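Note that the coordinates shown come from a computational prediction; the quantities given were computed from them, not determined experimentally. The figures that follow rest on heavy atoms only: side chains count, while hydrogens, waters and symmetry mates do not.
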Amino acid sequence: MMSSEAKRIVSLRAVLFTLIVLVANAAGHGLIFRFFRDSTLNPLLTAIFAVLWGVLGVYLLFYTFNWAVEQYPEQVRRKVLPYIFIGPAVILLGWLLVLPAVRTLYLSFFNASSEKFVGLANYAAIFTDKLMGTALRNNLLWVFLGTLACVALGLLIAILADRSSYEKIAKSIIFMPMAISFVAAGVIWKFVYYYQPGDQQIGLLNAIVTAFGGEAQAWTSMLQPWNNLFLILILIWMQTGFAMVIFSAAIKGVPEDILEAARVDGAGEIKIFFQIIIPYISVTILTVTTTIIVFTLKIFDVVMVMTGGQYGTEVVATQFYRQFFMYRNFGYGSTLAIVLLIAVTPVIFFNLRQIRKQGGF
């Protein structure tokens with residue numbers, strides 16, 4: 001066995017190696033960053049070298065840290081090694097998420113120019129502003145109608161597709177909108193809802209309406225507050241596929257012997273669905289519901305692309321963008337961001353709790 005003096009020497013040497021690795025990595029990556037910052041290389045070459053630096057740099061970072069930890073005694077190594085691999089990710093998340101959130105919270109207690117402390121005045125203004133009342137009402141519409149429709153349709157399609165011989169084709173078609181970003185979906189549906197005065201209509205929906213003798217409508221502007229429903233339809237089109245895939249996997253996990261026993265006892269398919277399948281996948285339904293609620297609370301892209309938040313379609317996220325980036329009202333804009341964070345956080349915690357119950361982590 002090693003003497004206490006030898007152990008102390010080994011520990012000091014390991015600490016020295018760790019400090020050298022930290023300093024070398026910081027100096028090396030700092031020099032590379034300064035090189036790219038001041039470089040006059042062709043932009044394409046700069047991009048290629050930056051990608052290579054990112055990939056090789058991360059590998060080198062973990063390799064050198066792992067080598068430094070291996071210099072420690074076995075007992076210390078087992079305790080430290082996991083933190084070496086999750087440490088950079090935690091630091092990056094803290095830098096990109098926690099620090100901005102703290103700074104946003106700090107700015108929410110100041111006036112528009114972030115020079116004068118106003119306390120909770122911005123928070124009080126949110127619930128007295130008429131425009132914010134409209135935004136909050138619209139967000140509730142997105143949360144209730146959008147989530148309900150996505151979950152209900154996703155579950156219905158999952159059940160029907162599971163019993164169809166065209167299951168793969170049907171699921172592929174329903175899931176396809178998930179491959180499109182919200183911005184791209186907004187552009188597509190903007191042409192679907194497009195309206196122009198006169199008899200000639202290039203918008204798909206108005207072309208169908210006029211072909212059957214109806215009158216063209218400005219679906220996303222003049223039909224208030226129904227225009228919000230036409231925007232929510234885009235979310236349903238995109239997120240139903242997500243709900244369907246998750247529900248389909250959960251339904252396939254229902255033990256077949258339970259279903260067969262219920263059929264032998266004379267239970268119909270509707271009774272089996274409500275009394276066996278629904279209770280069995282209830283945790284999955286809650287998880288999907290809370291996930292879509294988070295999407296709807298943060299909705300921004302579709303509204304911004306389709307209407308820019310005009311015509312009574314304002315939501316909290318678009319109002320935040322307008323106040324912070326367009327009107328330069330940093331205090332009020334930061335307050336909106338914090339309110340949105342407060343609304344989303346309980347739903348995320350509930351979602352994580354359900355995933356933990358399922359053994360996700």
Side-chain angles (χ1 to χ4, degrees), residues 139-182 184-186 188-189 229-265 267-299 301-302 343-361:
N139 263 109
L140 289 175
L141 279 176
W142 281 86
V143 168
F144 181 73
L145 297 179
T147 303
L148 180 63
C150 288
V151 172
L153 287 174
L155 186 57
L156 178 63
I157 295 171
I159 286 289
L160 295 178
D162 190 54
R163 305 175 180 216
S164 171
S165 56
Y166 300 100
E167 178 183 0
K168 293 182 179 179
I169 298 175
K171 287 182 177 179
S172 298
I173 294 173
I174 300 297
F175 188 76
M176 200 174 295
M178 280 290 297
I180 304 172
S181 68
F182 275 105
I188 292 171
W189 281 84
L229 301 180
F230 293 109
L231 298 185
I232 294 172
L233 183 62
I234 303 172
L235 173 80
I236 298 170
W237 177 69
M238 294 191 67
Q239 294 300 314
T240 296
F242 163 74
M244 174 203 68
V245 169
I246 305 299
F247 289 147
S248 180
I251 290 169
K252 290 182 183 299
V254 178
E256 191 64 33
D257 54 345
I258 296 178
L259 301 178
E260 289 299 328
R263 293 188 181 103
V264 170
D265 289 342
E269 294 301 321
I270 295 178
K271 191 174 182 179
I272 290 174
F273 175 72
F274 284 104
Q275 295 189 8
I276 297 178
I277 295 178
I278 291 294
Y280 196 88
I281 66 171
S282 59
V283 175
T284 303
I285 293 174
L286 283 173
T287 303
V288 172
T289 301
T290 52
T291 302
I292 296 177
I293 286 174
V294 172
F295 285 144
T296 55
L297 284 172
K298 301 187 301 179
I299 198 70
D301 317 61
V302 170
V344 170
T345 300
V347 183
I348 293 176
F349 274 119
F350 179 80
N351 204 358
L352 294 175
R353 187 178 178 184
Q354 295 303 319
I355 294 173
R356 186 180 293 112
K357 286 182 178 179
Q358 292 178 306
F361 58 86

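- Taking OH from Y166 and CD1 from I173, the interatomic distance works out to 12.0 Å, rounded to the nearest 0.5 Å.
- Scanning all heavy atoms of the two residues, the minimum distance from A267 to K271 falls at CB-CD, 4.3 Å.
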Tell me which donor-acceptor pairs under 3.5 Å the side chains of residues 288-295 have, and how far apart each pair is, sequence neighbours excluded?
from: T289; atom 1: OG1; to: I285; atom 2: O; distance (Å): 2.7
from: T290; atom 1: OG1; to: L286; atom 2: O; distance (Å): 3.0
from: T290; atom 1: OG1; to: T287; atom 2: O; distance (Å): 2.9
from: T290; atom 1: OG1; to: N351; atom 2: OD1; distance (Å): 3.2
from: T291; atom 1: OG1; to: T287; atom 2: O; distance (Å): 2.8
from: T291; atom 1: OG1; to: N351; atom 2: ND2; distance (Å): 2.8

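- A heavy-atom distance below 4.5 Å is found between the side chains of D162 and E167.
- Residues W189 and L233 meet the side-chain proximity criterion, which asks for heavy atoms closer than 4.5 Å.
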Using distance only, find each side-chain donor-acceptor pair of residues 145-160 under 3.5 Å and give its atom names and separation, not counting sequence neighbours.
from: T147; atom 1: OG1; to: V143; atom 2: O; distance (Å): 2.6

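- Within the 4.5 Å cutoff, side-chain heavy atoms of I258 are placed close to those of I276.
- Taking each heavy atom of F182 and D301 in turn, the nearest pair found is CB-CB, 3.5 Å.
- Rounded to the nearest 0.5 Å, atoms CD1 (I278) and CD1 (I272) are 13.0 Å apart.
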### Message
Could you go through L259 and I277, starting from their C-alpha distance and side-chain angles, then the distance that decides it, and tell me whether this counts as side-chain contact (heavy atoms from CB on, under 4.5 Å)?
### Response
CA-CA 9 Å; L259 301 178; I277 295 178; 4.2 Å; yes

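- Closest approach of V245 and F175 over heavy atoms only: CG2-CD1, 3.3 Å.
- To the nearest 0.5 Å, atom OG1 of residue T240 and atom CE of residue M178 are 10.5 Å apart.
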### Pair R163-E269, side-chain contact (heavy atoms from CB on, under 4.5 Å): steps then yes or no
CA-CA 12 Å; R163 305 175 180 216; E269 294 301 321; 2.8 Å; yes

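- Between the CD1 atom of I169 and the CD1 atom of I174 there is a distance of 12.5 Å, given to the nearest 0.5 Å.
- Residues I180 and M238 approach most closely at O-CE, 2.9 Å, considering heavy atoms.
- Contact annotation: the side chain of K171 never approaches that of M176 to less than 4.5 Å [non-hydrogen atoms, C-beta and beyond].
- A343 approaches V347 most closely through the heavy-atom pair O-CG2, 3.8 Å.
- Here the shortest heavy-atom pairing between A185 and W237 reads CB-CZ3, 4.0 Å.
- Remark: L231 CG to I299 CD1 distance equals 9.0 Å, nearest 0.5 Å.
- At least one donor-acceptor pair closer than 3.5 Å links the side chain of S282 to the backbone N or O of P279.
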